[in-house]
Amino acid sequence: MGTFIPWKILHVELSEGIPNLAAIPGCQGIQLIFWWRGIPLGHQEILAEQLPMPDTEVANRASQTITPVIGDQLWPKRPELPLPEYFNYPFQPVSPNLPSLLTLENPLELLSERWSNPVVEAKTVSLVICTRDRPEQLANCLRSLQNLSLSPHEIIVVDNAPTSSETRELTAQFPQVRYVLEPRSGLSVARNTGIRHSSGEIIAFTDDDVEVHPEWIARLQYCFDDPQVMVVTGLVLPAELATDSQLVFEKGLGGFSQGYRTLTFDLDFFNNMKKIGVPVWRIGAGANMTIRRQAFDLVGYFDERLGAGAAGCSEDSEFWYRILAGGWLCRYEPAPVVYHYHRGNLETLKRQMYQYMRGHVAALLVQFNRYRHWGNLYRILVSLPLYYTKLLFVGSLRGFKDRYSTVISEILGCLAGIIFYLKNPSV
């Protein structure tokens, strides 16, 4: 395998002007992320051979990228996604056309006002971060919290079955952080412990390998204007694309982002998709998730069979499944942003994808056992086998490189998920 050439992530704040892009030595390309006063509006990929690029061309690309997203944000009645699109990545913005958008006076200013002057009652926010033996990553995360424009009501670090005192010693350096030891292993166990130790009206979760945007907490609050909304997830951007595994995860496997448009998932969506397996994993990522405290009274806590340290994944999406089944709403809102450091090498990425698919299949079986919704079994017995048969065929032709480098690990994870559930049929 040749030497990997990294991508550079460049954030462009359009309110400060549009730059000329110079050539960057030793760079495969640029992921150009467009913002307007801290609101993410989309991104473009610029290959190295397209550089240098004048500001006029950057402006043209920015206009093409952000126009449908602005329209989606400003029009209160958004077109519904066709049902098959919920299975596709990324979601494509659907909005009024450019001439319609141009009838608005200063649409970017209107967008700024929407987030600067929300009509919503402020809520207390408890922030829960679960960690295990990763003090360096946690330190970066905690430092990023010091830049928040609005601090949470409380910050709780749950130290999950640690093998040393490093996390306790680290959190002691941050007076605003409350340290909680949870000796039982498992992310769901740790999250449930964090919930029980919290007091906020809404509980925000992020991971120790994440850094947060300064407006993260402020914008999360705004998303709970509808009392039916029980869960809000936000945009997860890559913090870097410096290794081949990070690129594979972000561009080959889809990363954690669900795009730049607001999505509301309701009971109609749930019922329409139930026969083939409700794609709750498309609601967002647990690395950027906020839950109304009331939700835990309505549907219970995280299933402790699922998540890292147990089945491996999907404790968040299985919780969202229960929320939707109960007739409540989940919302994906891109304005609250965090940055995630993806796995740094292919071996750790393969292990991660094994765990993800083991947890995913185990969650499908948990959901079937709880509700007898046959679409969960349809996904295990039909959708996933067809999907991986195709990937195996194409991967064998391409030498299992790039996106296909993790296929075998994913398939083994699916099989392991069935075995895990059979060994753990109940909480």
Side-chain angles (χ1 to χ4, degrees), residues 6-13 30-35 37-41 43 115 125-152 154-160 166-167 170-171 173-179 187 190-191 194 203-221 223 232-243 245-247 249-251 255-258 260 284-290 308 316 332-345 348-349 352:
W7 281 70
K8 182 175 180 60
I9 299 174
L10 184 61
H11 299 274
V12 176
E13 176 51 64
I30 296 174
Q31 180 161 310
L32 204 59
I33 302 175
F34 298 110
W35 302 74
R37 296 183 180 170
I39 303 166
L41 296 177
H43 70 262
W115 287 104
V125 180
S126 296
L127 172 56
V128 174
I129 305 169
C130 302
T131 187
R132 185 174 191 269
D133 294 338
R134 299 205 294 189
E136 292 182 5
Q137 291 96 322
L138 178 62
N140 289 332
C141 178
L142 295 179
R143 280 193 288 267
S144 75
L145 298 178
Q146 296 177 317
N147 298 320
L148 286 169
S149 64
L150 177 66
S151 297
E154 58 188 350
I155 301 172
I156 300 169
V157 168
V158 181
D159 197 3
N160 188 209
E166 288 185 85
T167 297
L170 170 67
T171 55
Q173 301 172 29
F174 296 85
Q176 74 276 30
V177 174
R178 179 148 54 97
Y179 174 89
L187 179 56
R191 282 183 168 162
I203 304 170
F205 297 89
T206 193
D207 294 341
D208 56 9
D209 53 0
V210 158
E211 295 177 6
V212 306
H213 187 277
E215 298 298 324
W216 181 54
I217 292 294
R219 289 181 179 159
L220 281 174
Q221 285 199 94
C223 301
V232 172
T233 62
L235 177 62
V236 181
L237 292 173
E240 62 181 12
L241 294 173
T243 70
S245 63
Q246 290 176 334
L247 191 68
F249 184 78
E250 182 66 23
K251 301 187 183 300
F256 288 130
S257 170
Q258 300 302 331
Y260 296 85
N288 190 355
M289 168 179 66
T290 309
D316 43 19
Y332 170 77
E333 176 55 68
V337 178
V338 304
Y339 308 90
H340 183 265
Y341 286 89
H342 303 333
R343 295 297 190 272
N345 61 71
T348 56
L349 178 60
Q352 179 187 30

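All residue numbers refer to positions in the sequence shown, counting from 1.
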Which atom pair, heavy atoms only, marks the closest approach of [X] to [Y]?
| X | Y | answer |
| --- | --- | --- |
| Pro135 | Leu170 | O-CD2, 3.3 Å |
| Gly194 | Ile156 | O-CD1, 4.0 Å |
| Trp115 | Ala335 | CZ2-CB, 3.4 Å |
| Cys141 | Ser144 | O-OG, 2.6 Å |

(message) Run Ile39 and Arg219 through side chain to side chain contact (heavy atoms under 4.5 Å, CB included) and show every step you take.
(response) CA-CA 10 Å; Ile39 303 166; Arg219 289 181 179 159; 3.7 Å; yes
Quick one: does [X]'s side chain get under 4.5 Å of [Y]'s, heavy atoms only?
| X | Y | result |
| --- | --- | --- |
| Leu142 | Val157 | yes |
| Leu32 | Leu10 | yes |
| Arg191 | Ile203 | no |
| Ser257 | Tyr332 | yes |
| Leu241 | Gln31 | yes |
| Asn160 | Cys130 | no |
| Leu145 | Ile129 | yes |
| His342 | Gln352 | no |

(request) Mark yes when over 12 heavy atoms from residues, nucleotides or ligands other than Lys251 sit less than 6.0 Å from its NZ; otherwise mark no. (result)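 Yes, enclosed.
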For [X], give me all partners under side-chain contact (heavy atoms from CB on, under 4.5 Å), at least two apart in sequence or on another chain.
| X | value |
| --- | --- |
| Asn140 | Arg143, Glu211 |
| Ala242 | Glu240, Gln246 |
| Glu136 | none |
| Ser149 | Glu215, Ala218 |

Spatial distance of atom [atom1] ([X]) from atom [atom2] ([Y]) [nearest 0.5 Å]:
| X | Y | atom1 | atom2 | result |
| --- | --- | --- | --- | --- |
| Arg132 | Asp208 | CZ | CG | 11.5 Å |
| Arg178 | Ile155 | CZ | CD1 | 11.0 Å |
| Glu333 | Thr290 | CD | OG1 | 11.5 Å |
| His43 | Tyr260 | NE2 | OH | 5.0 Å |
| Asp133 | Asp159 | CG | CG | 7.0 Å |

Run the ring pair (Phe, Tyr, Trp, His ring centres under 6.0 Å) test against [X] and tell me which residues pass, sequence neighbours left out.
| X | value |
| --- | --- |
| Phe34 | none |
| His213 | Trp35 |
| Tyr339 | His11 |

(request) Give me the one residue out of Leu127, Asn147, Leu148, Ile217 that meets side-chain contact (heavy atoms from CB on, under 4.5 Å) with Val212. (result) Leu148
(message) Strictly distance-based, threshold 3.5 Å: is any side-chain N or O of Asp207 a donor or acceptor partner for the main-chain N or O of Val210?
(response)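 Not confirmed, Asp207 side chain does not pair with Val210 backbone.
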Using the side-chain hydrogen bond (donor to acceptor under 3.5 Å, both in side chains) criterion, which residues pair with [X]? Sequence neighbours excluded.
| X | value |
| --- | --- |
| Thr206 | none |
| Glu13 | Ser15 |
| Ser245 | Thr243 |

(message) Tell me every residue that passes salt bridge (charged side-chain N to carboxylate O under 4.0 Å, His left out) with Asp316, counting only those two or more places apart in sequence or in another chain.
(response)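 If we apply the salt bridge (charged side-chain N to carboxylate O under 4.0 Å, His left out) test to Asp316, skipping adjacent residues, there are no hits.
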(message) For Arg343, give me all partners under salt bridge (charged side-chain N to carboxylate O under 4.0 Å, His left out), at least two apart in sequence or on another chain.
(response)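 For Arg343 the salt bridge (charged side-chain N to carboxylate O under 4.0 Å, His left out) partners, ignoring immediate neighbours, are Asp209.
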(request) Could you check whether the rings of Phe256 and Phe249 sit parallel, tilted or perpendicular, using 30° and 60° as the cut-offs? (result)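 The rings of Phe256 and Phe249 stand perpendicular, inter-plane angle above 60°.
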